[in-house]
Amino acid sequence: MYRNEAQEDPVKGDMAQIYAAAYYYEAAMLYHARQEAGNVRQAEEAYTRMREYEEQLGEYAFVKEEIKEFLGMAPLNLK
């Protein structure tokens, strides 16, 4: 994803949704790590990014739950 962006490859078709899934994963990972470390402000910033990318997932919305499960994010820890 980052390599494609660095090379300025155009995002075509459902690639925008796939990129949103990758960015969602990145934000979720940071949210979880920062929350576990007690960095509330940074965790909230990552959570905001999660919500932004969540809106862009389209037909890939199913990955949200898979990502949360993979990262061991308990639903009670989420806003």
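Taking every heavy atom of both residues into account, A43 and Y31 meet most closely at O-CD1, 3.0 Å. Taking every heavy atom of both residues into account, A21 and V63 meet most closely at CB-CG2, 3.9 Å. Scanning both residues, H32 and L71, for their nearest heavy atoms gives NE2-O, 3.3 Å.
Atom CD of E44 sits about 13.0 Å away from atom CE of M50, to the nearest 0.5 Å. The structure places CD of Q35 at 13.0 Å from CD of Q42, a figure rounded to the nearest 0.5 Å. Summarising the geometry, atom CD belonging to E69 is positioned 14.5 Å from atom NZ belonging to K64; distances are rounded to the nearest 0.5 Å.
Every residue two or more places apart in sequence or in another chain that forms a side-chain contact (heavy atoms from CB on, under 4.5 Å) with Y53 is listed here: Y23, Y24, R49, Q56. Residues passing the salt bridge (Lys or Arg N to Asp or Glu O under 4.0 Å) test with E66, sequence neighbours excluded: none. Partners of E65 under the salt bridge (Lys or Arg N to Asp or Glu O under 4.0 Å) rule, at least two apart in sequence or in another chain, are K68.
Note on F70: it clusters hydrophobically with F62, by side-chain heavy-atom contacts below 4.5 Å among ILVMFWY residues.
The side-chain heavy atoms of Y60 and D14, taken from C-beta on, include a pair separated by under 4.5 Å.
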- Item | salt bridge (Lys or Arg N to Asp or Glu O under 4.0 Å) evaluation trace for E45 with R41 | CA-CA 6 Å; E45 291 171 1; R41 185 183 55 76; 2.7 Å; yes

